Amino acid sequence: MSNNDGVCIAVNEFAKDVGVKKFEPYFKQRELIERTGVTVFSSNFTLYGAVSDRIMQTVARLTPAIEIYSIDECFTDLTGISQDALKPLGHQLRDTVWKEQRIPMGVSISPTKTLCKLGQYAAKKIPKINGVAVLTQAHQWEWLAKRVAVAEVWGVGRRLNASLTAMGVESAYDLTQLGKGVARKLGGLPLERTVRELNGEHCIPFEFNPPSKQQIICSRSFGTKLYQLNDVLESVTTFSVRVAEKLRNQESLAGRVSVWLVSGQDQRSRLSAEASVNLPGGSDDSRLIAKEAIAIANQLFKPGCRYLKAGVGLVDIRPREFWQRDMLSSPVSGTKNLMPVMDQINSKYGRHSVKLARQAGAASFSMKQELLSPSYLTRWADLPRIIC
DNA sequence: TCTGGGGTCCTAGGACCC
DNA sequence: TCTGGGGTCCTAGGACCC
């Protein structure tokens with residue numbers, strides 16, 4: 001399930017077969033789920049992140065260079081590896097990850113990222129491919145593209161899919177035949193690039209050194225609805241501390257902080273209020289960022305409203321070393337070592353080991369996670385036990 | 001009762017410059 | 001009589017991704 005046990009965001013084959021739907025609210029499917037014996041888990045990104053790190057390390061060990069694209073995907077650059085060696089390498093990757101982590105992994109090898117993503121579809125759906133798709137020749141990817149709906153193409157979302165199918169573009173192959181001018185007009189530069197990539201032209205480059213974030217957000221729906229100012233301020237403080245941590249992690253300063261509060265009775269009557277302020281001279285100090293965020297939240301808060309969700313965001317982010325100081329603001333205070341020390345303690349002894357007083361207990365707004373799986377890889381108490 | 005969270009890039013349009 | 005041409009920067013909104 002999603003955060004807060006709200007919607008089902010991933011379903012396995014068994015669940016799919018009995019009719020459980022992705023992106024449908026849990027409460028609507030609960031009866032079906034319980035009746036059919038489907039097992040449900042709250043999301044546990046600590047666990048998934050730990051498994052992901054291990055797999056990425058395995059892939060990095062066996063390939064020349066890796067770009068971590070998401071928690072469960074990476075690209076590697078196989079330039080210079082001979083044609084004959086590609087498929088064996090693909091199987092070696094897949095087998096090693098299975099052996100070491102017991103996670104089934106698909107491998108797809110081709111000249112462009114978009115074709116790789118197409119190949120992943122095949123690696124997953126077409127059994128005879130055996131988890132490793134090699135699409136290095138035009139006839140290979142054309143064969144596949146004719147069998148894949150245009151909606152499955154990387155870069156074609158809901159809207160583009162609707163426009164494309166209305167024009168009679170139904171398969172990925174149809175999309176490869178779309179003129180560049182038409183593509184450009186319909187979906188701008190991104191779609192033109194998608195068409196080129198599907199034709200084997202390498203347009204989307206590798207990112208071996210991921211650029212730092214330009215925007216850092218922490219936003220959560222509350223486990224229970226909040227009515228009290230103090231509860232809302234506690235959540236906003238905690239979210240501020242989290243974004244400041246992420247900011248320090250990438251060694252940047254932020255020039256602006258914004259806060260939003262979402263209130264209402266239900267989805268239909270949702271109201272969102274947002275405001276932001278500048279941080280003159282930039283900052284990465286949890287205390288300052290929290291102080292500004294609290295001031296904003298104080299202004300946005302309306303007594304009597306029922307609060308569902310809050311968020312804190314940082315924008316105007318630049319590397320610490322290149323930051324242009326504000327001529328009018330006072331110089332950096334003498335406590336510049338405090339944040340690194342807090343980070344070290346929290347990293348060693350666990351998040352929130354030291355915190356701002358205003359963060360308090362976190363219980364008032366914390367997520368609903370009633371069906372949480374154990375954090376097998378990151379919590380001593382959750383280590384599996386063998387009982388003899 | 002009840003519907004996630006965190007990002008990126010592109011484009012159009014407005015305000016401004018000389 | 002008649003009202004240019006070539007730019008930059010910023011922002012909001014829309015599309016996409018996982």
Side-chain angles (χ1 to χ4, degrees), chain A residues 1-10 20-31 33 40-46 48-49 52 56 67-75 113-114 116-117 120 150-164 183-194 197 203-205 207 210-226 235 239 242-243 245-247 249-250 255-256 258 260 262 264-270 272 274 276 278 306 308-317 365-371:
Chain A
M1 284 183 289
S2 66
N3 279 336
N4 237 13
D5 293 351
V7 301
C8 299
I9 55 169
V20 178
K21 292 201 187 68
K22 217 166 143 177
F23 300 118
E24 278 275 304
Y26 174 54
F27 76 91
K28 284 189 182 172
Q29 310 201 76
R30 187 167 179 167
E31 191 274 325
I33 286 169
V40 187
F41 297 98
S42 301
S43 52
N44 183 342
F45 283 94
T46 310
Y48 313 148
S52 172
M56 297 302 174
E67 172 191 345
I68 297 173
Y69 176 64
S70 72
I71 198 161
D72 68 347
E73 287 173 290
C74 63
F75 292 103
K113 285 183 169 179
T114 307
C116 277
K117 295 279 287 187
Q120 279 295 357
V150 72
E152 302 292 337
V153 173
W154 191 45
V156 175
R158 212 160 34 96
R159 301 297 288 267
L160 277 175
N161 180 46
S163 319
L164 287 166
R184 182 68 182 243
K185 208 170 162 200
L186 193 67
L189 193 54
L191 188 63
E192 186 190 333
R193 224 157 23 199
T194 298
E197 285 240 324
C203 302
I204 303 171
E207 302 265 12
S212 52
K213 304 280 182 241
Q214 300 176 40
Q215 174 183 314
I216 294 174
I217 287 172
C218 181
S219 137
R220 297 265 182 287
S221 298
F222 304 129
T224 55
K225 313 310 168 207
L226 300 186
S235 75
F239 301 163
R242 182 73 194 115
V243 292
E245 279 168 4
K246 290 189 195 173
L247 185 67
N249 231 330
Q250 64 168 40
R256 196 167 176 85
S258 67
W260 55 97
V262 179
Q265 288 306 306
D266 52 43
Q267 285 301 302
R268 269 192 297 279
S269 65
R270 274 162 85 111
S272 192
E274 186 269 345
S276 52
N278 288 329
R306 181 176 184 267
L308 310 169
K309 182 176 179 175
V312 175
L314 299 175
V315 287
D316 192 11
I317 291 171
F365 65 87
S366 50
M367 288 190 292
K368 196 158 109 184
Q369 291 184 308
E370 287 170 354
L371 299 161

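This one's a predicted model, so the numbers in the text were calculated from it and none came from an experiment.
Distance from the side chain of A:Asn3 is smallest to B:dG5 among B:dG5, C:dC16, C:dC18. Taking the side chain of A:Arg159 as heavy atoms from C-beta on, and the options B:dC2, C:dA15, B:dG7, the nearest nucleotide is C:dA15. Looking at the side chain of A:Arg193, the nearest of the listed nucleotides B:dT1, C:dC17, B:dC10 is B:dC10. Each of B:dT8, B:dT3, C:dC17 was ranked by its minimum atom distance to the side chain of A:Trp154; first place goes to C:dC17. With B:dC2, B:dT3, B:dG6 as the choices, the nucleotide that has an atom nearest any side-chain atom of A:Ile217 turns out to be B:dG6.
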Q. Could you walk me through whether A:Ser70 and A:Asp72 pass the side-chain hydrogen bond (donor to acceptor under 3.5 Å, both in side chains) check?
A. CA-CA 5 Å; A:Ser70 72; A:Asp72 68 347; 3.2 Å; yes
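Here A:Lys368 does not reach the OP1 or OP2 of B:dG4: none of its side-chain N or O atoms lies under 4.0 Å away. At B:dG5, one or more side-chain N or O atoms of A:Lys309 fall inside 4.0 Å of OP1 or OP2 (strictly under the cut-off). Between A:Ser219 and the phosphate of B:dG6, there is a side-chain N or O to OP1/OP2 separation shorter than 4.0 Å. Remark: A:Lys22 is not in phosphate contact with C:dC18, judged by side-chain N or O atoms under 4.0 Å from OP1 or OP2. OP1 and OP2 of B:dT3 both lie 4.0 Å or more from every side-chain N or O belonging to A:Gln29.
Using a 4.0 Å heavy-atom criterion, one finds that A:Tyr26 contacts no nucleic acid atom at all. A:Asp72 comes within contact range of the sugar-phosphate backbone alone, with a heavy-atom separation under 4.0 Å but no base atom that close. Across all strands, A:Arg30 comes closer than 4.0 Å to no nucleic acid atom at all (heavy-atom distances). Residue contacts shown for A:Ile71 are absent, as no nucleic acid heavy atom lies under 4.0 Å away. Contact annotation for A:Val243: no contact, since no heavy-atom pair falls under 4.0 Å across all strands. Heavy atoms of A:Glu73 sit under 4.0 angstrom from primed sugar atoms or phosphate atoms, though from no base atom. Using a 4.0 Å heavy-atom cutoff across all strands shown, A:Lys246 reaches sugar-phosphate atoms only and no base atom.
Following rounding to the nearest Å, A:Glu192 (CD) and C:dC16 (P) show an atom-to-atom distance of 17 Å. The nearest whole Å value for the distance from the CE atom in A:Met367 to the C1' atom in B:dG5 is 10 Å. As rounded to whole Å, 15 Å separates atom P of B:dC2 from atom CD of A:Glu370. In this entry the distance linking CD1 of A:Ile204 with P of B:dT8 reads 16 Å, nearest Å. Rounded to whole Å, the distance from OH on A:Tyr69 to P on B:dG7 is 14 Å. As rounded to whole Å, 16 Å separates atom P of B:dG6 from atom OH of A:Tyr48. A:Leu191 places its CG atom 11 Å from the C1' atom of C:dA15, with the value rounded to the nearest Å. With rounding to whole Å, A:Ile317 atom CD1 is found 12 Å from B:dG6 atom C1'.
Using C1' as the reference atom, B:dC17 and C:dG4 are 15 Å apart when rounded to the nearest Å.
Using modelled atom types, no side-chain atom of A:Glu370 and backbone atom of A:Asp5 make a donor-acceptor pair closer than 3.5 Å. Looking only at distances, a side-chain donor or acceptor of A:Asn4 sits under 3.5 Å from a matching main-chain atom of A:Lys368.
With respect to the salt-bridge test (charged N to carboxylate O, under 4.0 angstrom), the residues A:Lys117 and A:Glu197 do not qualify.
If A:Ile9 and A:Lys213 are placed on DNA chain B by their nearest nucleotide, the residue sitting closer to the 5' end is A:Ile9.
How far OG of A:Ser43 is from CG of A:Leu371: 11.0 Å, rounded to the nearest 0.5 Å. How far CD of A:Glu67 is from CD of A:Glu73: 10.5 Å, rounded to the nearest 0.5 Å. With rounding to the nearest 0.5 Å, the separation of CZ in A:Arg159 from CG in A:Asn161 is 12.0 Å. Residue A:Ile317 holds its CD1 atom at 4.0 Å from CD1 of A:Ile216, rounded to the nearest 0.5 Å.
Between A:Phe222 and A:Phe239, the ring planes are parallel. Angles under 30° get that label, and only those over 60° would be called perpendicular.
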Protein-nucleotides 11-13 of chain B N/O pairs closer than 3.5 Å?
{"residue": "B:dT11", "atom": "OP1", "partner": "A:Leu189", "partner atom": "N", "Å": "3.3"}

